[in-house]
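Please read the structure below before turning to the comments.
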Amino acid sequence: MSDFFSQVYEVVKLIPPGRVTSYGAIAAYLGSPGASRMVGWAMNASHHSADFIPAHRVVNRNGLLTGKHHFDTPDAMRELLENEGLLFDEDERMLNFKERFWNPVKELG
DNA sequence: CACCTGACGACCT
DNA sequence: TAGGTCGCCAGGT
């Protein structure tokens, strides 16, 4: 497990419930600051992983649910996060994004 | 093998 | 404030 995708999965699996991080933060943690797009691509492919990948806990840097369309239903991502205590406004902008942000660089080293 | 696309994000008009 | 450009790199055509 040393390819980029696998490394992304490993980090995402470490995100605690009720916490979120961003594509860019994961890419930075893996040493490729500009590869945030690949993190999203990895999430897109995460469904074929045998392990549970909490892809809903990865949002963009503004706390917007840019990946919502890749879930079973357009509201699934928001509902999963609401179940974990995260709050949203009408535009699905996360209200407590800052307090709930989980930075892998800071948390994991 | 060449070209295109994408769940992003930093910069630059 | 809003919109365009560019780097990132795996996979599909």
Side-chain angles (χ1 to χ4, degrees):
Chain A
M1 299 289 256
S2 58
D3 55 280
F4 194 84
F5 276 35
S6 296
Q7 290 185 64
V8 171
Y9 296 156
E10 291 307 305
V11 175
V12 174
K13 283 193 290 187
L14 294 175
I15 304 173
R19 304 292 297 283
V20 296
T21 191
S22 69
Y23 304 95
I26 293 174
Y29 173 69
L30 296 180
S32 302
S36 47
R37 309 178 64 178
M38 290 312 331
V39 177
W41 193 247
M43 292 302 92
N44 188 35
S46 69
H47 62 74
H48 75 56
S49 171
D51 298 321
F52 170 64
I53 310 295
H56 60 285
R57 296 180 192 143
V58 184
V59 302
N60 83 340
R61 70 176 183 104
N62 298 312
L64 291 176
L65 309 186
T66 52
K68 57 183 282 186
H69 282 292
H70 295 271
F71 285 76
D72 293 340
T73 70
D75 297 322
M77 188 176 190
R78 177 175 49 76
E79 291 171 353
L80 284 168
L81 290 169
E82 286 179 333
N83 288 340
E84 298 185 1
L86 291 161
L87 307 173
F88 296 86
D89 65 11
E90 306 169 353
D91 299 320
E92 292 191 322
R93 158 107 172 50
M94 202 180 296
L95 298 176
N96 46 359
F97 178 54
K98 190 172 183 177
E99 308 96 73
R100 299 301 194 109
F101 188 74
W102 182 85
N103 189 332
V105 178
K106 180 179 178 181
E107 304 290 340
L108 304 177

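This is a predicted model, so every value here is computed, not measured. Atom set for the values below is all heavy atoms of this structure, side chains included, hydrogens, waters and symmetry mates excluded. Residue numbers begin at 1 in each chain, while the letters A, B, ... track the order of the sequences.
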Applying the 4.5 Å side-chain criterion to the ILVMFWY set and letting contacts propagate, would F101(A) and M94(A) be lumped into a single cluster? yes
Same apolar cluster: V105(A) and V8(A), side chain cutoff 4.5 Å: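 Yes, one cluster joins them.
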Is the phosphate of dC8(B), meaning OP1 or OP2, less than 4.0 Å from a side-chain N or O of S22(A)? no
Please state whether the phosphate of dC6(C), meaning OP1 or OP2, lies under 4.0 angstrom from any side-chain nitrogen or oxygen of R37(A). no
Which part of the nucleic acid, if any, lies within contact of N44(A), taking any heavy atom under 4.0 Å across all strands shown: a base, the sugar-phosphate backbone alone, or nothing?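 Contact class for N44(A): base.
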Remember a base hit wins even if backbone is also touched, and classify A27(A) as base, sugar-phosphate or nothing at under 4.0 Å, heavy atoms.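 Nothing: the residue A27(A), judged by heavy atoms under 4.0 Å, touches no strand.
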Atom-pair distance ([atom1] on [X]; [atom2] on [N]), nearest Å:
X: L30(A); N: dC9(C); atom1: CG; atom2: C1'; answer: 13 Å
X: N103(A); N: dG9(B); atom1: CG; atom2: P; answer: 13 Å
X: K68(A); N: dC8(B); atom1: NZ; atom2: P; answer: 14 Å
X: D75(A); N: dA7(B); atom1: CG; atom2: P; answer: 18 Å
X: N62(A); N: dG9(B); atom1: CG; atom2: P; answer: 8 Å

Position toward the 5' end of DNA chain C (nearest nucleotide), G34(A) or W41(A):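 So the residue in question is G34(A).
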If you assign P33(A) and F5(A) each to the DNA chain C nucleotide with the nearest heavy atom, which residue ends up on the more 5' nucleotide?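 Final value for this comparison: P33(A).
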On the 0 to 90° scale, with breaks at 30° and 60°, tag the F52(A)-H56(A) ring pair as parallel, tilted or perpendicular. tilted
Of the nucleotides dA7(B), dG9(B), dC9(C), which one has an atom closest to the side chain of S32(A)? dC9(C)
Locate the shortest heavy-atom distance separating Y9(A) from A42(A); write the atom from each residue and the value. OH-O, 3.2 Å
